[in-house]
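As structure tokens, the structure follows; a few thoughts come after it.
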Amino acid sequence: MTVIAFLGAGSVVFTRELLADILSFDELRDVTIALHDIVPERLETAELIARRTADQLGAKPVITASLDRRQALEGADFVINSIQVGMYEATVRDFEIPAKFGLRQTIADTLGVGGIFRALRTFPVLDGIAADMLEICPDAWLLNYTNPMAMNIGYLAATAPKLKAVGLCHSVFWTVHDLCELLGVPLDEVDYSGAGVNHQAWLLRFEHRGESLYPKLDELLEKEPEMRRRVRMDMYKRLGYFPTETSEHSSEYVPWYLHHDEEISRLRIPVGDYLRISKENVDEYHATRESLLRGEPLDVSRDATEYAPQVIHSMVTGTMRRIHANVANRGLITNLPEGYAVEVPCVVDRLGVRPEQVGALPLQCAAVNRAFVSTGQLTVQAAITGDKRMVRQAAMIDPNTAATVTADQIWEMCDELTAAHGDLMPETLR
């Protein structure tokens with residue numbers, strides 16, 4: 001019987017969606033679902049969701065719930081990681097302290113000062129997960145959803161190279177989905193391929209029946225000037241390839257936008273947007289829990305759009321799929337650094353997740369990616385070596401931070417964030 005462990009199962013909305021997708025597959029309706037969270041109430045809520053979802057779908061999984069991670073990992077074939085170390089309170093600190101220095105952020109979970117400190121809070125927990133998995137379920141696949149994706153996969157590649165870890169993110173798929181809707185082209189008739197780093201990959205091929213759709217997108221942007229008032233559209237027009245993450249995300253990975261008031265207005269950038277999103281997620285958790293306790297049904301209508309259920313189904317049944325996933329760069333993208341995480345097309349079947357070699361990215365795309373990668377590499381090395389200067393150097397290299405605040409301010413800001421996050425940080429970096 002296939003065993004799927006959920007770490008951070010208390011991320012209940014995400015857990016609900018993944019469970020609905022998994023249990024919708026005929027071949028996965030009797031799997032074992034092992035739920036784990038460190039917060040008792042959230043774990044209880046996740047178990048309620050799992051049982052309610054199974055009942056509504058008529059599935060018969062075995063469902064367990066444990067506050068003990070090692071117990072949840074017993075016999076696991078797949079481990080889905082969606083933890084958030086520090087939760088909402090840590091996110092607020094990641095925004096409010098940099099804002100005192102005039103640093104604007106939109107999402108702050110991938111790059112920049114917010115991404116750096118989210119990574120540093122997460123790495124110690126990843127150490128524990130990797131050690132437990134290599135001891136308890138060494139053949140299991142770690143399917144990581146936790147951000148910052150590239151830093152986390154890069155860290156695991158450096159510290160636990162024997163762990164079968166892959167990072168899953170739906171940004172490439174949803175970019176193509178939304179562009180198809182915009183252009184009035186059926187998604188199932190479109191062929192596409194993207195590569196780069198997570199949240200900053202590039203749509204290298206985007207074709208309908210063998211013809212590039214980029215000229216059609218150019219025509220639309222020429223006719224509809226309001227559509228050009230988005231960061232992704234602006235980057236596409238200047239760089240020639242469409243970035244595969246939202247404008248809100250993309251704006252804080254480059255030095256061109258967030259420190260200019262006129263650019264924020266022109267491109268309608270929602271500064272601090274993730275604080276609103278995070279608060280809404282907390283509210284949705286409470287609303288979902290209350291609904292469950294009242295015995296109300298869940299919305300389990302899903303189309304299996306998340307990658308983890310598809311990956312599990314492909315490995316269990318041999319059904320071949322092609323997805324975009326995050327893995328260590330072992331000659332996959334030749335003009336990005338070896339060993340750090342990249343996002344590339346991958347084939348999935350019973351043999352696992354097998355990345356495809358992309359070769360060299362267009363030079364301008366690789367140039368933008370390198371600043372992104374350098375910030376992540378310095379963050380990973382700071383945690384591995386315990387070198388506090390590397391944390392500050394990572395922030396100095398980050399494009400948006402460097403364009404906004406002075407080196408002295410970066411040092412002071414990192415000192416304040418380190419103190420504010422306290423024992424969530426690696427001991428050597430406090």
Side-chain angles (χ1 to χ4, degrees), residues 91 94-118 147-148 150 171 174-175 178-179 182 196-203 214 217-278 361-376 394-410 413:
T91 297
D94 283 343
F95 274 93
E96 290 186 346
I97 291 173
K100 288 170 29 182
F101 294 85
L103 181 59
R104 291 162 168 161
Q105 301 178 98
T106 50
I107 307 297
D109 72 349
T110 297
L111 204 66
V113 173
I116 290 166
F117 278 85
R118 182 178 283 239
N147 283 320
S171 61
W174 281 109
T175 292
D178 293 349
L179 284 175
L182 196 64
V197 289
N198 181 240
H199 289 180
Q200 199 184 65
W202 313 93
L203 203 52
Y214 275 145
L217 179 58
D218 293 338
E219 290 175 13
L220 181 64
L221 293 177
E222 190 65 31
K223 293 177 185 175
E224 303 287 348
E226 280 299 299
M227 286 188 181
R228 298 199 294 269
R229 294 185 58 210
R230 298 295 287 157
V231 167
R232 280 210 286 184
M233 297 299 183
D234 193 75
M235 290 178 66
Y236 162 63
K237 294 302 292 181
R238 298 179 192 279
L239 297 172
Y241 293 89
F242 204 83
T244 61
E245 189 45 86
T246 66
S247 291
E248 289 75 17
H249 274 280
S250 296
S251 66
E252 62 181 1
Y253 307 151
V254 293
W256 312 317
Y257 303 116
L258 277 173
H259 64 292
H260 296 296
D261 291 342
E262 60 272 24
E263 290 295 83
I264 289 173
S265 175
R266 178 176 76 90
L267 298 171
R268 299 174 288 182
I269 302 172
V271 175
D273 197 39
Y274 195 62
L275 285 175
R276 175 191 58 80
I277 295 169
S278 297
L361 293 177
L363 190 59
Q364 69 275 28
C365 297
V368 175
N369 282 161
R370 284 192 200 104
F372 188 115
V373 170
S374 294
T375 299
M396 290 176 68
I397 295 301
D398 171 65
N400 180 46
T401 306
T404 308
V405 297
T406 67
D408 281 344
Q409 288 173 321
I410 289 172
M413 181 168 47

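For reference, positions follow the sequence shown, starting with 1. As a basis for the values below, the full set of heavy atoms in this structure was taken, side chains included, without hydrogen atoms, waters or symmetry mates. Please read all numbers here as calculations on a predicted model, not as lab measurements.
In terms of the salt bridge (Lys or Arg N to Asp or Glu O under 4.0 Å) criterion, residue partners of Asp234 (sequence neighbours excluded) are, by chain and number, Arg238, Arg266. Scored by the ring pair (Phe, Tyr, Trp, His ring centres under 6.0 Å) test, Phe117 finds no partners at all (sequence neighbours excluded).
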**Report entry** Worked verdict on Asn369 versus Trp202 for side chain to side chain contact (heavy atoms under 4.5 Å, CB included)
**Finding:** CA-CA 10 Å; Asn369 282 161; Trp202 313 93; 3.1 Å; yes
Query - Test log, rule side chain to side chain contact (heavy atoms under 4.5 Å, CB included), inputs Tyr257 and Ile269 - result: CA-CA 9 Å; Tyr257 303 116; Ile269 302 172; 3.8 Å; yes
Report task. Starting from the C-alpha separation in whole Å, work towards a yes-or-no answer on side chain to side chain contact (heavy atoms under 4.5 Å, CB included) for Asn198 and Glu245. Result -> CA-CA 8 Å; Asn198 181 240; Glu245 189 45 86; 5.9 Å; no
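Tyr253 is listed as a side-chain neighbour of His199, based on a closest heavy-atom distance under 4.5 Å. The shortest distance between side-chain heavy atoms of Ser250 and Met235 falls below 4.5 Å. Two residues are said to be in side-chain contact when any heavy atoms from C-beta on lie closer than 4.5 Å; Tyr274 and Glu248 fail this criterion. Side chains of Ile264 and Val271 form a contact here, defined as non-hydrogen atoms less than 4.5 Å apart. Side-chain contact between Leu221 and Met233 is present, with heavy atoms from C-beta onward closer than 4.5 Å. With a 4.5 Å cut-off on side-chain heavy atoms, Leu103 and Asn400 count as touching. You'll find the side chain of Leu220 reaches within 4.5 Å of the side chain of Met227, heavy atoms only. Residues Pro255 and Asp398 form no side-chain contact, since every pair of their non-hydrogen atoms from C-beta on lies 4.5 Å or further apart.
Judged purely by atom type and a 3.5 angstrom limit, Thr110 has no side-chain atom pairing as donor or acceptor with the backbone of Pro148. Checked by atom type and distance alone, the side chain of Arg118 never pairs as donor or acceptor with a backbone atom of Thr91 at under 3.5 Å. Between the side chain of Gln409 and the main chain of Thr406, a donor-acceptor pair closer than 3.5 Å is present. Side chain of Glu252 to backbone of Leu258: no donor-acceptor contact under 3.5 angstrom is found. The backbone N or O of Ile397 sits nowhere less than 3.5 Å from a side-chain atom of Thr401 that would complete a donor-acceptor pair. A donor-acceptor pair under 3.5 Å is formed between the side chain of Gln364 and the backbone N or O of Leu239. Arg230 contributes a side-chain N or O that, together with a main-chain N or O of Arg268, makes up a donor-acceptor pair within less than 3.5 Å. Side chain of Ser171 to main chain of Thr244: a donor-acceptor pair is present (N/O by atom type, distance under 3.5 Å, no hydrogens or angles).
The nearest pair of heavy atoms linking Ile97 to Met413 is CG2-O, 4.2 Å.
For CD of Glu262, the number of neighbouring non-hydrogen atoms (other residues, nucleotides, ligands) closer than 6.0 Å is greater than 12.
Residue pairs that meet the ring-ring contact (aromatic ring centres under 6.0 Å, His included) test with at least one member in residues 95-114, sequence neighbours left out, do not exist here.
Looking at Arg104 and Asp261, a side-chain N of the basic residue comes within less than 4.0 Å of a carboxylate O on the acidic one, giving a salt bridge.
Ring-centre distance between Phe242 and Tyr214: not below the 6.0 Å cut-off.
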